[in-house]
Amino acid sequence: MHDGQSTSHAYYDFDQATIDLAKEILAHAEAARDLLDALAAHPGSSLRCLDVARTSLQRGFNAAARAITVATTS
């Protein structure tokens, strides 16, 4: 830290294969969200359990994206 400011900067420079994988992760995350929306519309579905599922899936997809998009610092 210098004068209260962080001195490190993150740089993102992804190759096309990484971008394609990130897009695939996003597509699966959107499909999972759509499935959970459909389950929520089903009579008798536990909204509490669906909330847990949403949170868990969001965390999982975010972790998968971070796994391939780790920033380099300088």
Side-chain angles (χ1 to χ4, degrees):
M1 287 269 228
H2 178 66
D3 296 329
Q5 300 293 322
S6 175
T7 57
S8 66
H9 301 284
Y11 297 95
Y12 300 92
D13 187 22
F14 303 126
D15 60 12
Q16 191 59 47
T18 301
I19 293 168
D20 292 343
L21 281 172
K23 288 179 180 179
E24 187 173 348
I25 291 167
L26 178 61
H28 285 282
E30 290 173 352
R33 185 194 62 221
D34 292 345
L35 174 60
L36 292 175
D37 288 345
L39 291 172
H42 182 73
S45 289
S46 168
L47 297 182
R48 181 185 164 280
C49 289
L50 289 172
D51 284 342
V52 171
R54 281 182 203 284
T55 300
S56 297
L57 286 167
Q58 286 173 344
R59 292 178 76 188
F61 284 117
N62 285 338
R66 278 192 308 275
I68 63 166
T69 57
V70 177
T72 59
T73 59
S74 63

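If you read the sequence from its start, that first residue is 1, and numbering goes on from there.
- Leu47 and Val52 fall into different hydrophobic clusters, where Ile, Leu, Val, Met, Phe, Trp and Tyr side chains are chained together by heavy-atom contacts under 4.5 Å.
- A donor atom on one side chain and an acceptor atom on the other are found under 3.5 Å apart for Gln16 and Asp20.
- If you chain together hydrophobic residues whose side chains sit under 4.5 Å apart, Leu39 and Phe61 fall into the same group.
- Within the model, atoms CG of Leu50 and OG1 of Thr55 stand 11.0 Å from one another, a figure rounded to the nearest 0.5 Å.
- Shown here for Phe14 and Thr69, the closest heavy-atom pair between the two residues is CZ-CB, 3.5 Å.
- When the side-chain contact (heavy atoms from CB on, under 4.5 Å) test is applied to Asp34, the partners found at least two apart in sequence or on another chain are Asp37.
- Between Arg54 and Arg33, the shortest heavy-atom distance links the atoms NH1-O, 4.0 Å.
- For the residue pair Ala22 and Ile68, the shortest heavy atom distance occurs at N-CD1, 3.6 Å.
- Annotation: the span from Leu57 atom CG to Leu35 atom CG amounts to 9.0 Å, rounded to 0.5 Å.
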